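Quantities reported herein were computed from a predicted structural model and do not represent experimental measurements.
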Amino acid sequence: MDIQVDTQPEADLPADVLERAKAVAAAPVSLVTGIDVALIEGDGAPLSAGNVADYVERAANGFAGQIQMEKGAERVAALRAELARRGLDGFVVPMADEYQNEFVPRHAQRLAWLSGFLGSAGSIIVLADKAAVFVDGRYTLQVRDQVDLEVFETKSYLDVPKWVSENMKAGQKLGYDPWLHTETGVKALLEACEKAGAELVAVDGNPVDAVWTDQPPRPLARIVPHDLRYTGEPAADKRVRMAEAVKTAGATALALSATDSIAWLLNIRGADVARTPLALSYALLHDDASVDLFVDERKVDAALRAHLGNQVRVESEAALALALASLKDKAVMVDPASAPAWIVERLEQGGATIVRKTDPIQKAKALKNPAEINGTRAAHKRDGVALAKFLCWLAENAPKGTVDELSAVAQLQAFRQQGDLFRDLSFDTISGAGPNGAIVHYRSSEKTNRILALGELYLVDSGAQYLDGTTDVTRAVAVGTPSAEHRDRFTRVLRCHIALAMARFPKGTTGHQLDVLARMPLWQGGFNFNHGTGHGVGSYLGVHEGPHSISPRPSTVALEPGMIVSNEPGYYKEGGYGIRMENLVAVVPSEPGEDDSPFYELETLTLAPIDRSLIDPAMMTGPELDWLNAYHRRVRDEIGPRLDEATRVWLETATAPIMA
């Protein structure tokens, strides 16, 4: 018989159905397929799909509603009481899960629950008499709007060691959850505590979980194979190739906790994490190319087992500890910058020899093969169609005063969902009107939502997940007539973008070496931006991936053909407006240099018009205008034929040549 989930009290539901329904509600709901009712049914009787959907939606809304800035004082007080009960003088709460994912599932949003801060990176340290939240430059403005400043002081993430050494006292104990910190991170905390004469203590059971009484369960979402037409390489071949890297490192196994590495290695995708198709799991890759995959087995069906094959053994996550203990006297490769400290500690306690090396899958994943590069080119064309429709719609409606930040988000998503192979957004759209655009990773809400007003700038940073590629694009547009200052700053940012887009560089060049190209026109005016210029992007995986980047931060990772990276300089005037110009680019071979030495260049993938009204051609050089006009001609030629007549006519005007 059908179980009427929406009409029965929870107490009347079968316990297994209720457990699965709550776990499904803790996972993101697919924008394409909706709620996975079959996963909730398990082996039981069929459920009423509509009623299950209603129940899951209510549960999901309840989980989302737990993040409240106003609860900060109450929740910090509860945590302090729990710390006192455990004999701890402080505790570190990172924005992290047990896998070091960038976007964490609901059950792991401890920092957000405690403080109200919704950024993707940061940490909180709670002591008996004070608490601080630490963020990077992207969130300097946002954090002050989202946390109770009477409860938390806000600091730069670079200040964590100094703050700990200055605020911990001799003999005190600072607790941390070894599942949520890497070995590298623990070492930094340990040094800070030792400087203060304090003790760093690993806890068994997170004290935040002890006071978070309505904490969501771990997410439950189906894992699916990712087709060879998109991956370009069979999983069996990847396992053999990476097993060779393990042997070359002098190890017999590689311990994996990075879920994107596991997804790439096994050609699988999941839906446990918002906006990124990841399955929460751990894995051991052995030198014989076999794999032990530790995962909630409810997510694994017969089709996935067939895809994985008999060289991949599926076990529960609870079996991980025993598996690590079985590696006694063996050399195990672990990435100290990504693996939870708990895994390293368990291996050492079990008598394994730790081979500390960077996860080799991260670079292999970054070097896209021809199928992945062609896939992302195709995805960007479909994305370009959605962007053209959106920008045309915006140009018509924003000057009327009828468009706000949230309605713009909804309209852009609707256009993207019309595209083939669309699966999700690649991150929550940043939709900032006027002063909200100056908040680098702003997220609009009912509380902060603004109308796109005449005379202001509007910044929209958005992206999508398609089966064949991941996109990420930012445009700033003028609503009405821009000011001279708007045009000056925008043109400087555009020139920064073009300088990097036109770069030609020898083999071995790092993104750190190129970063200055994307800043010089701003520097010449006395301006700068407080974030990196470029991040790696996956292939239907993370919108942010490494190991490469373009940034002021020193890096030894060279840019190589097959890598995809963003090109996104910006300018932000607090209380005024924000400008960011972002395209994704692929590193490709260029004409050889002297003595046939390898040189590379950047192929722009993103296809979307740049607001001509914000450009001051008198500030630009001839080559810069040539690049801009050639780019717009390409957008017109590749996107125009895919559009309806009205949008195509608009695009012709939006991409018309600009003369000096």
Applying side-chain hydrogen bond (donor to acceptor under 3.5 Å, both in side chains), can you list everything that pairs with Asp404, at least two apart in sequence or on another chain? Ser407, Asn449
Aromatic ring proximity, centroids under 6.0 angstrom, Trp393 and Phe415: no
Is NZ or CZ of Arg492 both nearer than 6.0 Å to the six-membered ring centre of Phe527 and within 45° of the ring axis? no
Decide, yes or no, whether a salt bridge links Arg633 with Asp637 under the criterion of side-chain N to carboxylate O below 4.0 Å. no
Quick one: closest heavy-atom pair of Val557 and Pro547, and the distance? CG2-O, 3.8 Å
Is the closest side-chain donor-acceptor distance between Asn101 and Thr259 under 3.5 Å? yes
Of all pairs that satisfy salt bridge (Lys or Arg N to Asp or Glu O under 4.0 Å), the ones with a partner from residues 598-616, not counting sequence neighbours: Arg377-Glu603
Charged N to carboxylate O under 4.0 angstrom, Glu638 versus Lys381? yes
Residues passing the ring pair (Phe, Tyr, Trp, His ring centres under 6.0 Å) test with Tyr99, sequence neighbours excluded, are Tyr282
Checking Trp650 now: which residues fulfil ring pair (Phe, Tyr, Trp, His ring centres under 6.0 Å) with it, not counting sequence neighbours? none
Evaluate ring pair (Phe, Tyr, Trp, His ring centres under 6.0 Å) for Tyr139 paired with Phe117, printing each intermediate quantity in order. CA-CA 10 Å; Tyr139 298 113; Phe117 176 59; 5.5 Å; yes
Taking the side chain as C-beta and beyond, is there a heavy-atom pair between Leu174 and Val92 under 4.5 Å? yes
I want to check a possible cation-pi pair here: Arg489 against Tyr571, using under 6.0 Å from ring centre and within 45° of the ring axis as the test. yes
Ring pair (Phe, Tyr, Trp, His ring centres under 6.0 Å) filter on His486, not counting sequence neighbours, yields Tyr577
Pair listing, ring-ring contact (aromatic ring centres under 6.0 Å, His included) test, anchored in residues 603-634, at least two apart: His497-Trp627, Trp627-Tyr631
State whether the side chain of Ser551 and the backbone N or O of Arg553 hold a donor-acceptor pair below 3.5 Å, judged by distance alone. yes
For Gln465, the option from Asp424, Thr471, Thr470 that meets side-chain hydrogen bond (donor to acceptor under 3.5 Å, both in side chains): Thr470
Flag, side chain of Ser431 to backbone of Glu405, donor-acceptor distance under 3.5 Å: yes
When you look at Arg416 and Ser462, which way does the side-chain hydrogen bond (donor to acceptor under 3.5 Å, both in side chains) test go after all the steps? CA-CA 10 Å; Arg416 279 199 165 106; Ser462 66; 2.9 Å; yes
Are His441 and Phe427 an aromatic pair by the rule of ring centers under 6.0 Å? no
Within the distance-only criterion (no hydrogens, no angle test), does the side chain of Glu183 pair as donor or acceptor with the backbone N or O of Pro340 below 3.5 angstrom? no
I'd like to know whether CD of Glu150 has more than 12 heavy-atom contacts from other residues, nucleotides or ligands below 6.0 angstrom. no
Looking at Leu278, is its backbone amide N or carbonyl O close enough to the side chain of Thr276 to form a donor-acceptor pair, meaning the two atoms are under 3.5 Å apart? no
Between Asp359 and Ser338, is there a side-chain donor-acceptor contact under 3.5 Å, judged purely by atom types and distance? no
Examine distances only and state if a side-chain atom of Arg636 and a backbone atom of Thr655 form a donor-acceptor pair shorter than 3.5 Å. yes
Kindly indicate, with the supporting measurements, whether the criterion side-chain hydrogen bond (donor to acceptor under 3.5 Å, both in side chains) is fulfilled by His535 and Glu568. CA-CA 9 Å; His535 55 82; Glu568 51 178 311; 3.0 Å; yes
